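Below: the structure, in structure tokens.
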Amino acid sequence: MSAERRRELFAALAVAAVTGALLFGVWRQPGGRVAALDDPLQDLITTQMPTPRGHVDRVTVILVDDDSLLRLGEQWPLSRTTWARFFRALHKHNPAVVAVDAWFEVPAARDRVAQALNLADRLRDSGLVELPEGETLVNELEQQAMLLDGDRQMAEALADLTAGLLGMVCQDVGHEVGVGDVSAEPMSVPGVSADDVSLHCRGLATSIASLVASAQGQGGLQVLPGRDGIIRRYPYAFAVGAKLYPSLALAAVRVAAPEQADALTRAALAADRGTPLLRELPLDQVRTLAFAELLEGNTEERIIEAALRDRIVLVGVSAQGTEDFVDTPGQRRIPGVFVHANAAIGLLDGGLVRSTGEPVNQALAVGLVCLLLMLLVGHRVERALIALAVGLASTLAWVGVAVAMRGEGWAVPMVPMLTGCLLWTGARLWLRYLQLDAGRRQAKAIRAAFAHYLAPEVIASLVADPDRLKLGGQRLEITAFFTDVANFTTISEQMEPADLVRLLNECLGGMTSVIAEEGGIVDKYIG
């Protein structure tokens with residue numbers, strides 16, 4: 001095997017090995033280090049793909065923004081009495097479900113409540129309650145204590161909602177589920193178990209028991225940022241031990257669409273083990289209200305009614321300094337509640353994007369076969385422009401496949417195929433360069449060796465076909481022409497040197513021209 005063929009075989013094997021490794025790595029470990037190489041290209045597709053959202057009008061986001069805090073004269077986190085007022089204002093508009101992107105793990109301050117109750121007890125002990133004024137005073141103190149009890153006010157208002165959901169946080173370490181609270185009620189779906197999800201936790205951080213008892217349920221608030229901090233996937237459920245718990249988006253959808261709850265849950269968990277890719281959600285498509293709009297009543301009632309009635313209402317925070325901002329492929333520093341809104345809309349729309357499954361495996365297999373075919377027939381591609389065109393066409397074809405499959409809800413890895421095409425094209429161009437360079441050096445050597453012996457036409461034919469240069473010569477029928485100038489010695493003695501040179505030039509030049517025109521070779525002049 002020639003050195004050139006060995007180089008070509010080595011390049012082909014390198015392309016096959018690298019491409020096969022990438023294909024296998026992406027296929028076997030979605031979300032792993034190898035798959036992370038694909039993230040920028042997948043992000044580009046995500047941001048450029050149209051995202052029709054048929055159920056976007058079923059979701060409303062309410063934000064605790066900077067203006068709301070200013071108008072309410074509060075800071076984040078809000079007081080429990082403000083939350084109580086907010087829930088009562090929501091109750092008037094009868095939303096399908098209210099999901100709060102927050103959890104309340106510690107009780108509200110009770111200093112003033114304790115003072116009022118302590119004073120009422122002391123008045124009772126003093127005997128003043130026997131007087132009409134004393135009994136009235138004690139009753140007023142107890143009522144004031146109830147009004148100052150933010151947890152109680154919030155719990156009562158939360159219970160009045162059609163359905164109120166609070167957040168809970170998946171923790172690697174923490175208290176065992178069910179210890180000290182009554183909130184950790186696992187999700188029960190026939191045919192679905194904790195083994196069906198990829199996110200597993202050791203514990204939960206939940207709200208205090210009095211609030212949880214008043215809520216219809218809770219949903220996980222965790223999201224899954226990539227290694228670069230960008231959120232591309234959403235965990236619709238997570239497991240703690242053998243128990244399965246819903247995310248905030250899944251919990252809200254299950255409450256808002258009870259007749260589809262189990263079917264939607266199965267669909268969510270079937271996509272990449274419960275953590276599918278999210279499609280892009282332009283924020284201007286989501287109906288958004290400010291927290292203070294509901295409490296101050298400055299917005300027209302019909303607008304509020306249209307935004308809330310029978311809708312999934314997600315409540316989050318966008319005030320600066322709250323650190324509840326996230327990055328998505330096409331947007332930076334958006335309020336985290338929009339990720340839950342995107343997940344809820346995507347689930348209702350059936351717009352989950354899977355990166356694993358039979359269609360993806362089939363696409364990868366087809367891509368690998370195409371690369372192998374390129375390797376097998378690539379040695380026949382001699383021209384650099386053709387190799388470049390084949391590589392570019394293969395790349396564009398795979399991009400088209402990826403875009404088409406993304407429209408059907410499948411994310412096909414792009415880096416493996418594109419890397420294979422790039423390596424193939426680079427190898428072909430490199431080998432072609434080596435061939436041309438070797439040809440140039442060989443042609444230079446032939447010209448240097450025969451420039452003083454052969455006609456330019458013969459040298460050109462040897463450069464075009466170096467195989468003609470071989471030991472032992474070549475047997476051919478030729479015509480040899482030998483000529484002489486008769487009586488040259490006598491003539492040269494009788495002529496001046498300059499005249500003799502002109503005579504020879506005229507004679508030999510004429511014969512040489514005729515020989516050259518007929519493709520002959522002048523071997524030498526003697527004498």
Side-chain angles (χ1 to χ4, degrees), residues 1-26 34 37-45 47-49 362-407 412-451 456-470:
M1 182 182 293
S2 66
E4 179 182 337
R5 291 303 181 189
R6 283 197 298 271
R7 287 194 297 268
E8 185 168 350
L9 178 60
F10 175 78
L13 292 176
V15 172
V18 172
T19 304
L22 285 174
L23 284 171
F24 182 80
V26 173
V34 177
L37 300 174
D38 216 52
D39 287 343
L41 294 176
Q42 296 294 341
D43 291 349
L44 182 61
I45 295 179
T47 55
Q48 297 302 316
M49 288 289 291
Q362 292 173 355
L364 290 175
V366 170
L368 185 57
V369 169
C370 291
L371 285 177
L372 292 176
L373 289 175
M374 290 172 66
L375 293 175
L376 292 175
V377 302
H379 67 281
R380 299 181 181 178
V381 178
E382 296 294 338
R383 297 182 60 182
L385 286 178
I386 295 178
L388 191 61
V390 171
L392 180 60
S394 301
T395 299
L396 294 178
W398 189 253
V399 171
V401 169
V403 171
M405 292 197 66
R406 175 60 75 90
V412 178
M414 298 181 65
V415 166
M417 183 66 178
L418 300 186
T419 301
C421 292
L422 178 63
L423 289 175
W424 181 87
T425 305
R428 290 308 310 154
L429 293 177
W430 176 61
L431 290 173
R432 184 57 181 159
Y433 168 77
L434 292 180
Q435 293 170 354
L436 293 175
D437 184 62
R440 284 192 296 269
R441 286 187 278 107
Q442 188 178 45
K444 183 178 180 181
I446 291 174
R447 291 190 179 96
F450 296 99
E457 294 82 358
V458 177
I459 295 176
S461 67
L462 292 177
V463 170
D465 185 12
D467 291 340
R468 297 177 63 185
L469 290 171
K470 60 183 180 181

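On a predicted model such as this, the values are computed, not experimentally measured, just so you know.
- With sequence neighbours excluded, the residues satisfying side-chain contact (heavy atoms from CB on, under 4.5 Å) with Leu396 are Leu392.
- In terms of heavy atoms, Pro413 sits closest to Asp38 at CA-OD2, 3.3 Å.
- For Leu388, the side-chain contact (heavy atoms from CB on, under 4.5 Å) partners are Thr425, Leu429, not counting sequence neighbours.
- Applying the side chain to side chain contact (heavy atoms under 4.5 Å, CB included) test between Met417 and each of Leu368, Leu422, Leu371 identifies Leu371 as the sole match.
- Nearest heavy-atom pair, Trp398 versus Leu418, reported as atom, atom and distance to 0.1 Å: CD1-CD2, 4.3 Å.
- The minimum heavy-atom distance linking Leu44 with Thr47 is given by the pair O-OG1, 3.0 Å.
- Interatomic distance, Arg406 CZ to Met414 CE, rounded to the nearest 0.5 Å: 9.5 Å.
- For the pair Gln42 (side chain) and Val412 (backbone), a donor-acceptor distance under 3.5 Å is present.
- The line from OG1 of Thr395 to CH2 of Trp424 is 10.0 Å long, rounded to the nearest 0.5 Å.
- Residues Thr419 and Leu37 have side chains not in contact (no heavy-atom distance under 4.5 Å, counting atoms from C-beta outward).
- Scanning for side-chain contact (heavy atoms from CB on, under 4.5 Å) contacts around Gln442 gives Ile446, Pro466, with sequence neighbours left out.
- A search for side-chain contact (heavy atoms from CB on, under 4.5 Å) contacts involving Ala393 returns nothing, not counting sequence neighbours.
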